[in-house]
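See below for the structure under consideration.
Order of the sequence lines fixes the chain letters, A, B, ..., with proteins taken first and strands second; residue numbering starts at 1 for each chain.
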2 protein chains.
Amino acid sequence: MTYPRVALIGLGLIASSMAHAMRAGGLAGEIVGYARSAETRAVARALFCDRVTETAAEAVEGADLVVLAVPVGAMGAIAAEIGPHLKPGATVTDVGSVKQAVVDAVAPHLPAGVHFIPGHPMAGTEYSGPRSGFATLFQNRWWLLTPPEGCDAGALARLRGLIEAMGAKVDTMDAGHHDLVVAVVSHVPHAIAYTMVGVADHMRRVSQSEVIKYSAAGFRDFTRIAASDPTMWRDVFLTNKEAVLDILGRFAEELFVLQRAIRMGDGEHLHAYFTRTRAIRRGIIEAGQDTAAPDFGRAVTPAQDG
Amino acid sequence: MTYPRVALIGLGLIASSMAHAMRAGGLAGEIVGYARSAETRAVARALFCDRVTETAAEAVEGADLVVLAVPVGAMGAIAAEIGPHLKPGATVTDVGSVKQAVVDAVAPHLPAGVHFIPGHPMAGTEYSGPRSGFATLFQNRWWLLTPPEGCDAGALARLRGLIEAMGAKVDTMDAGHHDLVVAVVSHVPHAIAYTMVGVADHMRRVSQSEVIKYSAAGFRDFTRIAASDPTMWRDVFLTNKEAVLDILGRFAEELFVLQRAIRMGDGEHLHAYFTRTRAIRRGIIEAGQDTAAPDFGRAVTPAQDG
């Protein structure tokens with residue numbers, strides 16, 4: 001057992017998956033949960049929490065590990081509420097997709113003697129809520145930790161042990177660098193997917209039913225991305241604004257170069273560009289982040305193209 | 001048996017999958033193949049063609065169905081070469097992702113008495129070449145046909161019969177409308193995916209290895225799209241220029257609105273926008289174009305998020 005008592009604040013996809021994984025591995029003595037919605041608390045009590053409480057303050061009483069699993073924009077208020085009730089020596093972590101904004105919002109509210117180790121499990125589905133979790137969500141996925149300077153080595157090792165026991169791989173880095181990396185590999189791709197789905201939604205000459213009926217690989221993958229939780233993504237874009245706007249600016253420039261090549265009929269440019277992008281894909285397959293199988297395991301609906 | 005003799009011109013993913021499907025279903029008496037590369041011809045002869053020829057003209061001699069499965073930019077030259085050798089009453093179809101440009105390039109070279117019925121199988125993987133085909137590629141996928149006005153009803157019914165026997169669903173529409181629909185659901189999403197992968201490739205502060213290592217759902221799906229055949233996609237963008245530039249322009253406008261909302265910190269706008277895009281995704285799942293399973297069958301590597 002890694003922690004005698006774990007408090008989960010917020011009981012959505014990530015927290016419920018953590019609870020299932022901790023129970024499956026016998027990693028926590030007691031799992032206490034809190035969520036704002038009474039309905040969510042009832043589901044959590046029935047499915048994966050030993051105990052749920054009416055307030056966040058109650059939930060963290062005596063907890064050895066507190067996990068903040070609420071949208072990034074709600075972290076500061078929760079931290080202010082639980083700060084005075086934390087057990088001395090407890091570890092507080094979070095699972096937000098942005099790290100510097102969470103550090104800025106949460107750290108001021110935590111008393112000395114509590115170890116704050118921000119984290120980001122890079123795992124999820126487009127489903128949300130307490131019924132969406134499952135024990136294997138983190139299997140073989142990255143879980144980034146951004147421990148502050150001077151972080152207690154013992155507390156860090158213990159948290160890392162829990163995360164690895166849930167099946168994830170841990171890397172540590174600086175909070176600011178984390179935010180730039182995820183802007184490139186996740187936040188801006190999501191912004192773009194939302195935009196493309198929005199364009200299709202506005203078309204008059206192509207009906208909605210045609211878009212849906214003939215949606216091929218490109219667009220279908222975009223809609224999957226664009227179906228993720230709206231509150232979570234609103235907060236991501238509001239709190240990782242600087243890095244997202246930097247990368248979006250670069251994207252717009254790059255898109256205009258491609259658009260110009262299409263307009264000018266510059267086939268050589270297009271072919272060279274499309275050839276280069278293949279190499280990154282190969283790197284991802286070699287790094288084990290995806291499968292090379294032609295249908296990606298979609299036995300029922302093979303990937304479409306063209 | 002639907003056609004006594006079928007000639008496949010070009011022997012890549014689509015043609016080889018057609019050959020496997022036709023053999024599996026006993027749909028063709030003889031399958032003759034031609035490709036420019038001697039190596040490709042040798043593979044095709046070994047894997048799925050009854051006979052291969054040294055020229056396209058030879059391949060179409062006596063064929064009841066001729067399938068043009070070369071890049072869109074190569075269709076015109078091939079049509080000029082085979083035109084004089086086509087059997088009277090034969091049907092010619094193609095599998096290009098763009099239709100009006102193919103009609104313009106091919107139709108002038110075909111003699112009277114030959115039935116030209118352009119087509120577009122909306123199926124594929126990011127793999128190409130004669131070894132990449134498999135018999136079930138078209139299973140439950142759309143195969144769009146754009147028969148010209150006055151098209152012979154018998155020839156159309158026969159071709160439709162073959163396609164449906166290979167497992168696909170057939171719809172017919174006007175070539176120009178086809179090109180707009182696929183610009184929205186496929187061509188522009190591909191252009192965007194290529195662009196995002198290109199941006200990541202240029203970043204200095206985020207290393208290539210970090211991009212690859214931490215690539216999450218958004219970016220990983222983009223690289224899959226961006227790994228498709230460069231020649232095919234160059235030709236798509238050069239030959240469906242008008243519709244692609246129209247949709248790209250709308251996309252850029254929409255992106256700037258989103259970018260401005262992020263810059264201004266307009267959380268209400270972002271939340272409303274992200275909520276709207278969920279509906280399209282639900283429509284696609286209900287239309288049976290994708291699965292609702294959280295991991296999309298990726299048992300080994302569940303979809304990532306955040």
**Message:** Are more than 12 heavy atoms, taken from residues, nucleotides or ligands other than A/Arg276, located less than 6.0 Å from that residue's CZ atom?
**Reply:** yes
Show your working on side chain to side chain contact (heavy atoms under 4.5 Å, CB included) between A/Thr195 and B/Ile192 and close with a plain yes or no.
CA-CA 11 Å; A/Thr195 303; B/Ile192 289 165; over 6 Å; no
Per-residue tally against chain A (heavy atom, under 4.5 Å) across B/Ile14, B/Leu255, B/Val257 peaks at B/Leu255
Answer key: most heavy-atom pairs under 4.5 Å with chain B among A/Glu253, A/Gln259, A/Arg263, A/Met173 is A/Arg263
Looking only at heavy atoms, the pair that brings A/Ala252 and B/Phe256 closest together is CB-CE2, 4.1 Å
Counting heavy-atom pairs under 4.5 Å with chain A, the top scorer among B/Asp235, B/Asp171, B/Val188 is B/Asp171
Residue from B/Met196, B/His269, B/Glu242 scoring the most non-hydrogen pairs under 4.5 Å with chain A is B/Met196
NZ of A/Lys169 to OH of B/Tyr214, rounded to nearest 0.5 Å, is 9.5 Å
With chain B, the option among A/Gly198, A/Gly249, A/Ala200 that has the most non-hydrogen atom pairs under 4.5 Å is A/Gly198
Most contact-rich option vs chain A, by heavy-atom pairs under 4.5 angstrom, among B/Leu258, B/Val244, B/Asp266, B/Leu245, is B/Leu245
Scanning both residues in full, the closest heavy-atom pair of A/Gly267 with B/Leu238 reads CA-CD1, 3.8 Å
### Aromatic contact, B/Tyr194 with A/Phe274 (centres under 6.0 Å)
yes
When rounded to the nearest 0.5 Å, the distance separating CG of A/Leu270 from CH2 of B/Trp233 is 12.0 Å
